[in-house]
Amino acid sequence: MASLLLLLTILLISTIFIIFMISISNKKNKTNKAPLPPGPKGWPIIGNLNQIGSKPHETLHTLSKIYGPLYRLQLGSVTVVVANSPDVASQFLRTLDTNFCNRPQFTIGEYMGYGYRAPGSMPYGPGWLMFRRLCNIHLFSNKALDDLRHVREEEVSLLARKFVQAKDTSITVGVEVGKELNACAANALTRALFRRRVFEEDNGPDVEEFKKVLEENLKLATGLNIEDFFPWIKALDVRGFVAKLKRLHRWYDNTLTKIIDEHKSKPKIAIEGEAEGKDLLSVLLRLKDADVKDKETDNYKLTDTDIKALLTDLFIGGTDTTSLMVEWALVELIRHPDILAAAQKELDSIVGQSRLVSELDLSDIPLLEAIIKETFRLHPPVPHLIPHTASEACEVAGYYVPKATVLLVNVWTICRDPEVWSRPMEFDPSRFLPGGENADVDVKGSHFELIPFGAGRRICLGMRLGMRMTTLLLASLVHGFDWALPDGLSPENMNMDVEYGLTLERIVPLVARPIPRLAPNAYVV
Ligand code: HEM
């Protein structure tokens, strides 16, 4: 009996001791822990979701004026922090990069990323590193990019030719420039990925359907989908969002399965052999071969699903971003004819007027480069990057950021912050010219005031191709054509509104008249 009493007493004392220790440690945590970032008060259950509105980039921008460089939103069950200054962005993406190099598991990655097996949605780890390494060697290295220079140049000359042919019919109506740019960027990319032009009218997979799919792509891929914040809405699929994603995924999957089968049925071409064996799909199929023990894959056994996930991601990541960017640059140049004329003069002095631009002409074009940077600044194609997530709780800028918090880097706001840029709303490329106030700033991820491709480990995988294609396309359109608006439209009253998505698209697409300005045989392909 006495020993039972003793045992109970010991148990009681230890329980009290444990409770005491936990409460001390909680108190200590509470007092030592930095406060959560400030943010607007939310409603029970939905949090701040009802305050986001239909133009989240504008809402997030307005909130930055109230709550400063780092604020917090509660969107349903998910805590989101928004970084609004170069300094805070660099704390997340440079100082704490290892903690923020994961992606939240959002619905889009579940379907379009084949269950988070594509590089854009995949968790950080060996599989993700392997995909990036493969792409960096076989698609985006300088050598791989040089090998495919002719492909990009051919596609851009075909576009120029199309614009020349359109000149008579477009006098009153103009051409829908963004759509043509999109097809051009898509064809150049898919020729590098699997040697096919997806927009070839009589050869590609059902072209009309493909165009619709492309349009649907990024509308669905917005950074802020309600389904990601309320699992029950996703389960019930109230908006039909999941059904649409599944349909889109099925389309990609069927199309890519056909393309892969076609490639497999062709005789295998050694990787060091003819150039045509060097498209990314041929390389991936060779690496997938059971006999290949390759350090590039760390002997990871690639599957057809991995390959389809990668191709889908590269295609989605590489088309709209590029064409949107060039469309915005052209809009700004039409609104600033003096800058357009100066850029034409710069290119004429290098290329002349008897041929189209080649990528080889584009090593010393300070004004065009400045125009590209200024366009990235005022119209960053991906306004909040792709969401990142905190692997562990941490402290940033004196605030506590809990584990699993979703991070949005508000590039859109940073790029128009008057504390960072003088005359931020003015399109003025001269700020980036030698001697200009921002001459040293580049877009490659080390100057956090201008990170249209992101920064750190998750920086855009296709940045080098994106830059090459953007520069070639814009140079060709500027050098090859004068640009006018259809009758009745003036540069001053162009609609500049955007539709929010993962990328910011123009609500009213640019319709313009290309007027050839080179010798007629310059456009002959
Ligand atoms: C003007 C052109 C482009 C812009 C502005 C752009 C922008 C971006 C941005 C902002 C991100 C997210 C970075 C982050 O979350 O920190 C990203 C990621 C990505 N981009 Fe691009 N991009 C462009 C072109 C391309 C091209 C040409 C490709 C491929 C062919 C591509 C493939 C990807 C992929 C796969 C990712 C995901 C990377 C990862 O999560 O590891 N992008 N891009």
Side-chain angles (χ1 to χ4, degrees), residues 83 89-90 92-94 97 100-104 106 108-109 112-113 116-125 127-136 138-140 144-145 148 152 181-182 184-194 218 221 223 279-280 309-329 372-373 375-377 379-389 406-412 414-415 443-445 448 450-474 502-504:
S90 95
F92 280 111
L93 299 181
R94 182 150 55 196
D97 187 26
F100 284 92
C101 62
N102 266 309
R103 302 277 188 213
F106 281 172
I108 186 94
M112 302 311 290
Y116 313 106
R117 285 166 83 170
S121 53
M122 220 177 190
Y124 179 78
W128 175 85
L129 281 166
M130 177 203 62
F131 272 144
R132 291 203 54 124
R133 192 167 50 238
L134 284 180
C135 291
N136 281 330
H138 298 291
L139 199 57
F140 303 131
L145 287 170
L148 290 173
R152 294 186 293 280
L181 288 170
N182 200 280
C184 176
N187 277 339
L189 180 57
T190 55
R191 280 179 70 182
L193 295 181
F194 40 74
L218 288 137
D279 63 274
L280 186 70
L310 175 60
L311 294 178
T312 306
D313 231 25
L314 291 174
F315 183 76
I316 294 179
T319 42
D320 273 46
T321 43
T322 307
S323 59
L324 258 179
M325 165 61 200
V326 178
E327 186 184 5
W328 275 117
I372 289 174
K373 286 181 188 172
T375 308
F376 273 133
R377 186 186 71 78
H379 309 285
V382 191
H384 304 132
L385 306 185
I386 301 175
H388 293 231
T389 186
V406 167
L407 164 70
L408 299 181
V409 178
N410 196 347
V411 175
W412 202 75
I414 294 173
C415 283
V443 294
K444 296 180 187 150
F448 282 82
L450 189 58
I451 49 167
F453 293 97
R457 285 171 172 73
R458 283 282 183 173
I459 194 169
C460 171
L461 176 54
M463 177 170 67
R464 273 182 279 182
L465 173 60
M467 279 309 284
R468 282 217 195 189
M469 192 62 190
T470 301
T471 311
L472 176 66
L473 262 172
L474 186 62
L502 194 59
T503 55
L504 284 185

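Both counts, for ligands and for their atoms, begin at 1 and track the order of listing.
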Are the side chain of [X] and the backbone of [Y] linked by a donor-acceptor contact shorter than 3.5 Å?
{"X": "Arg377", "Y": "Cys415", "result": "yes"}
{"X": "Tyr124", "Y": "Arg103", "result": "no"}
{"X": "Asp313", "Y": "Gly120", "result": "yes"}
{"X": "His388", "Y": "Phe100", "result": "yes"}
{"X": "Arg117", "Y": "Gly127", "result": "no"}

So is [X] touching ligand 1 or not, going by heavy atoms under 4.0 Å?
{"X": "Arg132", "answer": "yes"}
{"X": "His388", "answer": "yes"}
{"X": "Phe315", "answer": "no"}
{"X": "Arg103", "answer": "yes"}

Considering only non-hydrogen protein atoms, determine which one is nearest to [atom] and report residue, atom name and distance to 0.1 Å.
{"atom": "atom 23 (C) of ligand 1", "result": "Thr321 OG1, 3.5 Å"}
{"atom": "atom 36 (C) of ligand 1", "result": "Leu461 N, 4.1 Å"}
{"atom": "atom 13 (C) of ligand 1", "result": "Arg458 O, 3.3 Å"}
{"atom": "atom 4 (C) of ligand 1", "result": "Phe453 CE2, 3.4 Å"}
{"atom": "atom 7 (C) of ligand 1", "result": "Pro452 O, 3.5 Å"}
{"atom": "atom 26 (C) of ligand 1", "result": "Gly318 CA, 3.3 Å"}
{"atom": "atom 32 (C) of ligand 1", "result": "Gly462 N, 3.8 Å"}
{"atom": "atom 25 (C) of ligand 1", "result": "Gly317 O, 3.3 Å"}

Quick test of your reading of the structure: of [options], whose heavy atom lies closest to [atom]?
{"atom": "atom 29 (C) of ligand 1", "options": "Leu314, Asn102, Leu193", "result": "Leu314"}
{"atom": "atom 37 (C) of ligand 1", "options": "Gly120, Cys101, Ala118", "result": "Gly120"}
{"atom": "atom 21 (Fe) of ligand 1", "options": "Cys460, Pro381, Gly456, Ser323", "result": "Cys460"}

Below a 4.0 angstrom heavy-atom separation, can you tell me which part of [X], side chain or backbone, both or neither, approaches ligand 1?
{"X": "Leu189", "result": "side chain"}
{"X": "Tyr124", "result": "neither"}
{"X": "Val382", "result": "side chain"}

Q) Under 3.5 Å, N or O to N or O, is Ile386 touching ligand 1 that way? A) yes
(Q) If you measure every N or O of Trp128 against every N or O of ligand 1, does any of those distances drop under 3.5 Å? (A) yes
How close do [X] and [Y] get, counting heavy atoms only, and between which atoms?
{"X": "Asn102", "Y": "Pro123", "value": "OD1-CA, 3.2 Å"}
{"X": "Ala455", "Y": "Gly445", "value": "CB-O, 3.5 Å"}
{"X": "Ala83", "Y": "Ile414", "value": "O-CD1, 4.2 Å"}

Q | Atom indices of ligand 1 within 4.0 angstrom of Phe140 heavy atoms, with elements | A | 29 (C), 30 (C)
Q) Near Leu385, which atoms of ligand 1 are under 4.0 Å from a heavy atom of that residue? A) 10 (C), 14 (C), 15 (O), 16 (O)
Q: Report the C-alpha distance between Arg468 and Leu145 in whole Å, list the side-chain angles of each, state the deciding distance to 0.1 Å, and finish with yes or no for side-chain contact (heavy atoms from CB on, under 4.5 Å).
A: CA-CA 9 Å; Arg468 282 217 195 189; Leu145 287 170; 3.6 Å; yes
Q | side-chain contact (heavy atoms from CB on, under 4.5 Å) assessment of Leu314 paired with Leu139 | A | CA-CA 10 Å; Leu314 291 174; Leu139 199 57; 3.9 Å; yes
Q: Mind running side-chain contact (heavy atoms from CB on, under 4.5 Å) on Asn136 and Leu461 for me, showing each step along the way?
A: CA-CA 8 Å; Asn136 281 330; Leu461 176 54; 4.0 Å; yes
Q: Start with the C-alpha gap between Met325 and Ile372, add the side-chain angles, then the distance that decides, and say whether side-chain contact (heavy atoms from CB on, under 4.5 Å) holds.
A: CA-CA 8 Å; Met325 165 61 200; Ile372 289 174; 3.8 Å; yes
Q) Where does the angle between the aromatic ring planes of His379 and Trp328 fall among parallel (under 30°), tilted (30 to 60°) and perpendicular (over 60°)? A) parallel
